[in-house]
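Note sheet for the following structure.
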Amino acid sequence: MFTGIVTDVGRVRAVRDTNRARRLEIETRLDLSTLDMGASISHAGCCLTVVGKGDGWFAVEVSGETLAVTTLGAWTPGRRVNLERAARLGDELGGHVVSGHVDGMGEVLSVARDGGSHRVRIRAPRPLHRFIASKGSITVEGVSLTVNEVDDDIFGVNLIPHTWDVTTLGELTAGYLVNLEIDMLARYLARWRETA
């Protein structure tokens, strides 16, 4: 589990297809001395398992399913990536409860300055859009955000200067595809309504 609070912005160092999956090597400033093999790390919102590490980098493997439903299939060396280590029992929950299971990809429609902040409008894929609520939580590229408004399949978020500066969200432009994870509570509530 994660909180959607990014702890480092890493960089893709290498991408290699194997007979089992795609292997990514990620450069990071995270303390790798405390990172065990098999540890979970959120990569732009996608939970991946550490399968190797070296001096200043670690490796993960990505399945075909993950490549199909996330932005990871288009990653190339040099891409910057929001990273978050898994939460530990007793950690401060600064964002919201995030599983690291990306629900789909959204398309950035616009980015506009709003005082010192930036307003971003994103189109969510159908039927995912019905789980997004005004003033609810959503994870965009692994970052926990509050939804400002919703209009059918388009929602808006506000990025404060800190978030803009210390995550990859400061690179967003119209047409950019982003990983989305809806609020876990919304998912279970919708399922309960379907079966009640």
Side-chain angles (χ1 to χ4, degrees), residues 1-108 125 128 137-145 162-172 176-184 187:
M1 301 304 282
F2 305 93
T3 65
I5 304 299
V6 171
T7 51
D8 185 33
V9 175
R11 188 176 300 275
V12 176
R13 164 185 148 130
V15 178
R16 181 169 55 90
D17 287 328
T18 68
N19 60 352
R20 298 183 316 190
R22 180 166 296 166
R23 179 183 168 99
L24 301 175
E25 292 181 1
I26 309 292
E27 296 174 344
T28 182
R29 295 179 310 238
L30 293 173
D31 180 3
L32 297 179
S33 68
T34 63
L35 185 68
D36 295 329
M37 292 299 177
S40 295
I41 296 181
S42 171
H43 298 71
C46 185
C47 176
L48 299 173
T49 301
V50 174
V51 297
K53 65 179 184 174
D55 186 20
W57 63 271
F58 64 89
V60 293
E61 289 182 334
V62 186
S63 71
E65 170 67 12
T66 301
L67 294 172
V69 300
T70 70
T71 63
L72 277 69
W75 287 10
T76 57
R79 181 181 177 117
R80 290 171 19 98
V81 180
N82 292 326
L83 300 174
E84 179 188 357
R85 294 206 42 189
R88 292 178 301 206
L89 202 56
D91 281 353
E92 179 179 327
L93 184 61
H96 70 282
V97 177
V98 176
S99 69
H101 301 158
V102 171
D103 293 299
M105 291 181 280
E107 179 187 1
V108 174
L128 193 63
S137 296
I138 192 159
T139 308
V140 177
E141 288 293 290
V143 181
S144 172
L145 299 171
H162 176 78
T163 304
W164 184 261
D165 292 339
V166 303
T167 71
T168 63
L169 298 186
E171 301 167 7
L172 295 181
Y176 201 100
L177 293 180
V178 291
N179 291 325
L180 301 176
E181 181 183 332
I182 59 169
D183 182 62
M184 199 175 297
R187 178 185 295 122

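What you are looking at is a predicted structure, and each value in this text was computed from that prediction instead of being measured.
For the residue pair Thr168 and Asn82, a side-chain donor N or O sits within less than 3.5 Å of a side-chain acceptor on the partner.
The side chain to side chain donor-acceptor pair (under 3.5 Å) test applied to Thr28 returns Asp8, not counting sequence neighbours. Residues satisfying the side chain to side chain contact (heavy atoms under 4.5 Å, CB included) test with Pro125, not counting sequence neighbours, are Leu128, Leu180. Every residue two or more places apart in sequence or in another chain that forms a side chain to side chain contact (heavy atoms under 4.5 Å, CB included) with Trp164 is listed here: Val111, His118, Leu159. Partners of Asp31 according to the side chain to side chain donor-acceptor pair (under 3.5 Å) rule, which considers only residues two or more places apart in sequence or in another chain, are Ser33. For Glu141, the side chain to side chain donor-acceptor pair (under 3.5 Å) test picks out no residue, with sequence neighbours left out.
In terms of heavy atoms, Pro77 sits closest to Ala14 at CG-CA, 4.4 Å. Heavy atoms only, all atoms of each residue included: Val108 and Leu172 are closest at CG2-CD2, 4.2 Å. Across all non-hydrogen atoms, the minimal contact from Cys47 to Ser99 is CB-O, 4.2 Å. Taking each heavy atom of Val51 and Arg23 in turn, the nearest pair found is CG2-NH1, 3.9 Å.
Rounding to the nearest 0.5 angstrom, the gap separating the CG atom in Asp183 from the OG1 atom in Thr139 is 8.0 Å. Considering CZ of Arg85 and OG of Ser42, their distance stands at 13.0 Å, rounded to 0.5 Å. The structure places CD1 of Ile26 at 11.0 Å from CZ of Arg11, a figure rounded to the nearest 0.5 Å. Taken to the nearest 0.5 Å, the CG atom of Leu35 stands 10.0 Å off from the OG atom of Ser40.
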Verdict with supporting geometry, Phe58 and Ile41, side-chain contact (heavy atoms from CB on, under 4.5 Å):
CA-CA 10 Å; Phe58 64 89; Ile41 296 181; 3.8 Å; yes
Check the pair Lys53, Met37 against side-chain contact (heavy atoms from CB on, under 4.5 Å), reporting the backbone distance first and the verdict last.
CA-CA 8 Å; Lys53 65 179 184 174; Met37 292 299 177; 4.0 Å; yes
Run the side-chain contact (heavy atoms from CB on, under 4.5 Å) check on Leu48 and Leu72 step by step: do they pass?
CA-CA 11 Å; Leu48 299 173; Leu72 277 69; 3.6 Å; yes
Could you walk me through whether Val9 and Glu171 satisfy the side-chain contact (heavy atoms from CB on, under 4.5 Å) test, starting with their C-alpha distance in whole Å, then the side-chain angles of each, then the deciding distance to 0.1 Å, before giving a yes or no?
CA-CA 12 Å; Val9 175; Glu171 301 167 7; 5.8 Å; no
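Panel note: side chain Asp103, backbone Ile182; a donor-acceptor pair is recorded below 3.5 Å.
Residues in residues 59-70 take part in these side chain to side chain donor-acceptor pair (under 3.5 Å) pairs, two or more places apart or across chains: Arg20-Glu61, Ser63-Thr66.
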